[in-house]
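These notes concern the structure reproduced below.
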There are 2 protein chains.
Amino acid sequence: MTKASTFDRKGRATIVDVGRVAGVSDATVSRALNKPETVSAKTRARIEAAIAETGYVPNPLAKAMVSGRTYTIGALVPTLNHSIFSKFLHALESDLSDQGYNLVVAVTDADRDREVEKAKKLLAMGVEGLIVSGLSHNADLLREAARFAVPLIATSYYEPSAPLPTIGYDNKIVATQALAHLTALGHRRIAVAHGPVAGNDRTRSRIDALADPGEGASLTFYETTLDYAGGAAVVDRLEGPYSALLCLSDVLAVGALFQLRSLGKRVPEDISLMGFDDLDASQFTVPPLSTVRLPIQDMGRVTARAVCDFLDSGSPIAPRLLEAQVIARASTGAVPLAPGASDNPRGS
Amino acid sequence: MTKASTFDRKGRATIVDVGRVAGVSDATVSRALNKPETVSAKTRARIEAAIAETGYVPNPLAKAMVSGRTYTIGALVPTLNHSIFSKFLHALESDLSDQGYNLVVAVTDADRDREVEKAKKLLAMGVEGLIVSGLSHNADLLREAARFAVPLIATSYYEPSAPLPTIGYDNKIVATQALAHLTALGHRRIAVAHGPVAGNDRTRSRIDALADPGEGASLTFYETTLDYAGGAAVVDRLEGPYSALLCLSDVLAVGALFQLRSLGKRVPEDISLMGFDDLDASQFTVPPLSTVRLPIQDMGRVTARAVCDFLDSGSPIAPRLLEAQVIARASTGAVPLAPGASDNPRGS
DNA sequence: CTGTTAGCGCGTTCAA
DNA sequence: TTGAACGCGCTAACAG
């Protein structure tokens with residue numbers, strides 16, 4: 001008895017130890033733990049006592065090893081510093097958790113290589129599913145996921161013809177919706193502010209959709225950094241008589257709003273301002289910001305359900321289009337009637 | 001021998017399969033994978049070919065099982081919808097990842113029971129460390145972490161006498177710093193807006209520190225919801241001639257700012273406004289918001305290092321005080337000289 | 001109702 | 001340089 005116990009490296013008791021002090025086999029202990037009704041009350045009591053005495057706690061790794069399951073899903077996001085992604089993860093985690101799954105998150109900093117690298121790490125730790133943001137074109141990612149035979153889902157994007165299931169909104173349609181809101185108000189000369197295009201296919205899609213605006217509208221694009229300062233900077237760079245500024249992200253719009261105000265420009269009297277995302281703050285700015293509400297919560301929910309359904313019952317993961325919605329608030333208004341400023345045949 | 005291949009349930013090849021097609025033992029394959037230099041170039045080539053042919057990919061679970069390690073850290077946060085937490089996680093993940101660890105996140109919705117519940121799930125999946133926000137008083141949490149023998153660290157809080165290591169700022173000191181900024185400007189009648197106290201020991205501490213303000217100052221506390229709307233609501237409830245409004249969170253301050261503006265009150269001429277957190281947006285509001293910058297990034301970094309050092313080399317995890325910093329911007333100013341409004345013997 | 005026997009896939013002795 | 005054997009902690013199958 002000097003040291004007959006089977007302790008693991010951390011000095012913790014194993015199921016065998018419990019069995020020994022309870023005077024039963026390890027298999028019985030296992031049963032008492034997993035199917036209590038198949039064990040007599042008496043021995044069950046002895047086992048429980050033994051568990052308490054030894055301080056036994058099941059080894060998760062061993063369980064996972066035999067079941068072959070980790071109940072863990074991995075998510076790759078460009079950043080956690082933008083609420084759009086953290087909100088998504090919040091919703092994702094909640095639903096995943098409800099279904100008994102855990103969420104591992106990895107930040108890619110919008111770097112394709114880092115994305116693959118981190119994906120590998122997640123795969124190597126045993127995630128059963130991988131969720132990425134946008135339609136990554138890095139073939140390695142697809143291949144790695146395939147090697148490990150785990151489902152790979154792209155979010156914030158809807159593209160049924162993609163090589164992997166996409167769950168999200170159609171960035172082209174969404175951009176078009178926003179533009180339609182502005183043209184309906186009579187705007188023709190519009191400035192568009194957007195974040196870096198490199199490595200961001202959502203932004204790319206939105207811009208592409210705007211390339212041929214129709215309606216006699218003319219758009220000018222301004223790329224900037226994706227933060228408040230970036231939005232403010234665009235305002236300083238603005239050239240020409242724009243009647244509206246469309247920001248492909250509320251963060252930019254809020255930044256722009258502050259800068260416009262500092263310059264003494266009135267919104268929407270002097271220029272209409274529209275955003276994208278519908279941040280919490282957007283309804284509280286002065287004036288409240290017109291924007292496009294992206295279905296972020298739904299996206300988290302739907303994505304979680306899709307992976308879990310696949311993992312639990314093998315249901316294939318289908319692409320899913322979620323709808324965005326234009327929220328018209330006070331930051332956009334009819335284009336001012338400047339004589340000779342446009343060829344638009346309205347009013348007096 | 002009809003079916004001599006050792007395929008796991010998912011039909012994937014194992015190290016044995018590779019060995020068989022390469023004509024070597026599984027042990028050799030293992031070595032070729034982990035210590036290539038101990039295997040002859042020739043057999044190594046054969047093994048690589050076999051790996052390619054079989055599409056073998058190492059089973060993470062089995063590895064973890066024998067090594068007893070998962071390289072996974074769990075973090076429990078109240079929400080991901082507040083940038084203070086997502087920024088923390090961002091920093092945490094980056095550093096953890098650099099050291100070869102993965103991060104599992106669980107959202108508690110500021111509910112103690114759910115916190116314990118989720119902690120158990122994380123422990124059951126094999127995390128090697130647990131990070132929580134604030135000084136949770138739920139004894140179960142401490143006990144569970146102890147049962148599984150994983151380190152438990154509290155963040156956003158510094159309290160060296162706590163039963164678990166704390167890494168963060170001293171909420172009492174921080175609150176005092178903010179108050180000092182206001183009193184130095186001559187403010188005496190100050191309104192304090194804060195989020196729900198229930199289940200939030202950080203807020204509790206800040207309020208406690210303000211209980212006895214000294215300097216002849218008198219504070220009135222307003223509890224509200226922790227969002228922009230909550231900040232705006234406080235403004236409507238304000239009673240009495242306050243010369244300053246101190247919000248224990250920038251979100252509240254920004255909400256309050258918008259509402260003050262709507263009501264035609266000037267900041268800081270009519271009332272000084274101060275926040276807490278230093279959000280990205282805070283420097284872009286009009287006027288820019290005076291606030292207290294919390295060392296969130298550092299906290300993520302330091303916390304990551306602490307867990308990793310402990311796990312990698314057994315260095316004990318010591319409590320760590322991080323310093324916050326008052327950022328004086330334009331939203332706070334000297335108290336207006338209203339005759340008879342105060343006993344403060346300044347200027348003429 | 002309970003014990004025995006067999007793995008799960010991999011790393012690590014210890015011989016050869 | 002390589003192979004055989006064993007162990008990690010647990011669950012499942014089959015006896016008894």
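The structure presented is a predicted model; accordingly, all values stated were derived computationally and were not measured.
The phosphate of D/dA12 (OP1 or OP2) has no side-chain N or O of A/Ser30 nearer than 4.0 angstrom. Taking only side-chain nitrogens and oxygens, A/Thr28 never comes nearer than 4.0 Å to OP1 or OP2 of C/dT2. Taking only side-chain nitrogens and oxygens, B/Lys63 never comes nearer than 4.0 Å to OP1 or OP2 of C/dG9. Contact check, B/Thr43 against D/dT2: a side-chain N or O comes under 4.0 Å of OP1 or OP2.
Taking atom CG of residue A/Asp26 and atom P of nucleotide C/dG7, one finds them 16 Å apart after rounding to whole Å. The CG-C1' distance, from A/Asn34 to D/dT11, rounds to 8 Å in whole Å. Between the CG atom of A/Asn59 and the P atom of D/dG7 there is a distance of 18 Å, rounded to whole Å. Across the protein-nucleic acid pair, A/Asp17 atom CG and D/dC8 atom P stand 10 Å apart, rounded to whole Å. C/dC14 atom P lies 14 Å from atom CZ of B/Arg31, rounded to whole Å. Distance CG (B/Leu61) to P (D/dC10): 14 Å, rounded to an integer number of Å. One can place CE of B/Met65 at 12 Å from C1' of C/dG11, the figure rounded to the nearest angstrom. Atoms CZ (A/Arg12) and P (D/dC10) sit 9 Å apart, rounded to a whole Å.
Looking at heavy-atom distances under 4.0 Å, A/Thr38 makes contact with a base. Within 4.0 Å (heavy atoms only), A/Ser25 reaches at least one base atom of the nucleic acid. Contact annotation for A/Val29: no contact, since no heavy-atom pair falls under 4.0 Å across all strands.
Across B/Leu103 and B/Leu89, no two heavy atoms sit closer than the pair CD2-O, 4.1 Å.
Residue B/Gln297 places its CD atom among 12 or fewer non-hydrogen atoms of other residues, nucleotides or ligands, all under 6.0 Å distant.
Screening A/Lys118, A/Arg114, A/Lys121 for a salt bridge (charged side-chain N to carboxylate O under 4.0 Å, His left out) involving B/Glu93 leaves a single residue, A/Lys118.
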Residues B/Glu117, B/Lys120; criterion salt bridge (Lys or Arg N to Asp or Glu O under 4.0 Å); working and verdict = CA-CA 5 Å; B/Glu117 180 195 327; B/Lys120 285 185 182 172; over 6 Å; no
